[in-house]
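One is the number of the first residue; the rest follow in order along the sequence. All values reported here derive from a predicted model rather than from experimental measurement. All values below come from the heavy atoms of this structure, side chains included, with hydrogens, waters and symmetry mates left out.
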Amino acid sequence: MPTPVPWPAALDSMARATRSRWSHRFSIRFKSGEFAGQDSTELMKMMGMTDFTYWSSTFLNYFVIALITVPIITIAYKATLKNGTAILKHSDGGIVFLILLLFMISLILFCMTFSIFFNRAVFAIIALLIVYILSFTLLSIKFLTPLNESAYFSMSVIAKLGICLFPQTALVTAIFLISSYEASGEGVHWSNISEFALLPEVNLLMVILTMLFSCFLYVFLLWYFDAVWPWQPGVPKPFYFFLTRSYWCGGRPKQQDEIELVQTENSVEFFETEPRNISRGVVIKNLSKEFRSGLTSKLAVNNVSLNIYQGQITALLGHNGAGKTTIINILTGLFTPTSGGASINGLDILTDTTKARRGLGVCPQHNVLFDTLTVDEHLKIYAAV
């Protein structure tokens with residue numbers, strides 16, 4: 001069992017330099033790419049793409065990169081230098097690979113979760129760098145330097161494991177424990193990862209399990225806040241949505257006799273008489289939408305009520321700014337109405353947005369194209385969606 005001895009200066013500086021360079025570089029790379037399709041995400045959902053498809057494809061995109069880079073970093077840690085030394089000479093390469101892979105997975109999920117709270121990439125990147133650097137340096141400098149190790153040792157077990165929920169602080173803690181094994185000449189192996197060597201309350205196995213738990217935690221936070229966060233495109237769900245039966249079992253479309261008819265008090269001289277014995281495909285009732293920007297507001301749609309019947313062609317005519325596009329965006333779930341509501345084939349656009357979209361086909365005002373895809377690839381991806 002290794003004894004708690006101070007870190008060798010050379011090992012400390014090399015490990016910190018390698019860790020800081022790679023982790024910081026990958027953090028910026030992952031976050032910069034996270035917003036590549038952010039503006040078109042909701043438009044693709046209008047065309048049939050599910051939340052699971054979007055987030056899983058985003059994760060797999062960066063996870064493939066991690067599977068390529070993690071072995072390279074592991075080899076760099078284990079490679080013997082010209083003077084016959086190595087950064088992690090005695091430790092098992094499989095454990096190092098596992099820790100780095102968990103770090104990359106949690107980092108990707110952390111960035112994906114973080115992106116939900118921002119609509120603009122510049123603000124998100126700045127905020128992420130601030131959070132990343134502060135959490136990284138706080139543990140590295142404040143607690144895990146030889147002069148301040150007593151502050152870290154005095155922390156409770158919950159606090160030590162709690163900071164490991166952040167990917168960067170978990171990596172620093174793991175390197176801190178591995179370095180103690182390296183300093184003793186034993187190295188970390190599968191047979192001793194559960195030993196309490198340097199810290200009496202925390203071992204490397206507990207850190208690894210905490211990193212694994214953080215991955216599932218970020219998946220849950222991603223799923224929840226992506227559904228309820230109101231300051232993003234789309235229709236947010238209520239905070240208790242996972243407690244409703246309709247979310248898990250799906251809502252039942254209302255029958256024609258259950259849909260309340262739109263009543264107007266206008267003169268029949270200017271309004272067409274509602275047809276009978278024809279199913280209503282779209283019902284819009286008292287729909288209003290007000291956009292706010294700072295202290296100013298603009299009413300784009302004002303108390304619109306309309307029945308659109310199946311088998312008929314209905315056109316919305318009006319001058320620029322009359323609210324035609326806004327109504328379409330509300331019906332497709334891109335905007336949330338300020339008041340009123342609508343249903344498509346008996347499905348409410350606020351409570352059954354995903355199912356209601358299945359009965360729609362929309363050609364957006366702006367093209368949803370990707371610079372890195374060819375025409376053939378665009379046709380294939382939208383045909384698959």
Side-chain angles (χ1 to χ4, degrees), residues 15 18-38 41 50-78 88 91-118 124-125 127-129 131-133 135-136 139-140 160-178 188 190 193 202-226:
T18 304
R19 179 178 65 250
S20 177
R21 180 174 68 253
W22 283 102
S23 60
H24 183 65
R25 181 180 302 173
F26 289 138
S27 175
I28 296 177
R29 179 183 300 176
F30 289 154
K31 194 55 201 165
S32 299
E34 183 67 29
F35 291 91
Q38 188 73 12
T41 301
T50 62
D51 293 330
F52 176 79
T53 301
Y54 171 70
W55 289 116
S56 60
S57 62
T58 302
F59 174 80
L60 290 175
N61 183 34
Y62 301 121
F63 181 70
V64 170
I65 301 176
L67 286 180
I68 299 174
T69 55
V70 166
I72 298 176
I73 302 174
T74 304
I75 294 174
Y77 275 114
K78 294 290 296 179
L88 299 177
S91 297
D92 187 285
I95 297 179
V96 177
F97 175 83
L98 176 63
I99 293 175
L100 292 176
L101 185 63
L102 286 176
F103 164 71
M104 299 298 278
I105 293 175
S106 61
L107 181 61
I108 296 171
L109 294 173
F110 174 78
C111 291
M112 291 169 59
T113 305
F114 202 84
S115 68
I116 294 176
F117 304 100
F118 298 90
I125 293 175
L128 177 76
L129 291 178
V131 172
Y132 186 93
I133 294 174
S135 60
F136 186 87
L139 184 64
S140 300
K160 290 187 178 74
L161 295 179
I163 60 178
C164 291
L165 293 176
F166 291 95
Q168 55 273 25
T169 52
L171 179 64
V172 174
T173 304
I175 294 294
F176 178 66
L177 295 174
I178 293 175
V188 61
W190 296 105
I193 61 173
V202 178
N203 55 42
L204 189 59
L205 179 61
M206 296 171 65
V207 175
I208 293 176
L209 293 178
T210 304
M211 296 176 70
L212 182 62
F213 172 76
S214 69
C215 295
F216 289 98
L217 177 62
Y218 288 134
V219 169
F220 172 78
L221 295 177
L222 177 66
W223 165 73
Y224 180 78
F225 284 107
D226 183 49

With rounding to the nearest 0.5 Å, note down the distance linking [atom1] in [X] to [atom2] in [Y].
X	Y	atom1	atom2	value
Ile105	Phe216	CD1	CZ	9.5 Å
Phe59	Cys215	CZ	SG	7.5 Å
Ile108	Phe103	CD1	CZ	10.0 Å
Leu109	Met104	CG	CE	12.0 Å
Phe97	Asp92	CZ	CG	12.0 Å
Leu100	Ile95	CG	CD1	12.0 Å

Quick one, [X] and [Y] - any side-chain contact, counting heavy atoms below 4.5 Å?
X	Y	answer
Ile99	Ile178	yes
Tyr62	Ile65	yes
Phe118	Ile125	no
Val219	Thr113	no
Leu102	Leu171	no

_Under the rule for ring-ring contact (aromatic ring centres under 6.0 Å, His included), what residues qualify as partners of Tyr218, not counting sequence neighbours?_
Phe110

_For Phe225, give me all partners under ring-ring contact (aromatic ring centres under 6.0 Å, His included), at least two apart in sequence or on another chain._
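So Phe225 forms a ring-ring contact (aromatic ring centres under 6.0 Å, His included) with Phe117.
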
_Looking at every non-hydrogen atom in both residues, tell me the closest pair between Gly94 and Trp190 and how far apart they are._
C-CZ2, 4.1 Å

*For the residue pair Pro167 and Ser106, what are the closest heavy atoms and their distance?*
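Residues Pro167 and Ser106, closest heavy atoms: CB-OG, 3.2 Å.
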
*Name the orientation class of the two ring planes belonging to Phe220 and Trp223 (parallel below 30°, tilted from 30 to 60°, perpendicular beyond 60°).*
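The rings of Phe220 and Trp223 sit tilted, inter-plane angle from 30° to 60°.
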
_Assess the residue pair Val202 and Leu161 against the criterion (side-chain contact (heavy atoms from CB on, under 4.5 Å)); give the C-alpha distance rounded to whole Å, side-chain angles, the decisive distance to 0.1 Å, and a yes or no._
CA-CA 8 Å; Val202 178; Leu161 295 179; 4.1 Å; yes

Run the side-chain donor-acceptor check on residues 203-212: report pairs under 3.5 Å with partners two or more places apart or on a different chain.
| unit_1 | atom_1 | unit_2 | atom_2 | d |
| --- | --- | --- | --- | --- |
| Asn203 | OD1 | Leu205 | N | 3.2 |
| Asn203 | OD1 | Met206 | N | 2.8 |
| Asn203 | ND2 | Ser194 | O | 2.9 |
| Thr210 | OG1 | Met206 | O | 2.7 |

*Do side-chain atoms of Thr169 reach the backbone of Phe166 as a donor and acceptor pair under 3.5 angstrom?*
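Looks like yes, one N/O pair under 3.5 Å.
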
*Candidates Ile73, Ile175, Leu88 - the one meeting side-chain contact (heavy atoms from CB on, under 4.5 Å) with Val96*: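 By the side-chain contact (heavy atoms from CB on, under 4.5 Å) criterion, Val96 pairs with just one of Ile73, Ile175, Leu88: Leu88.
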
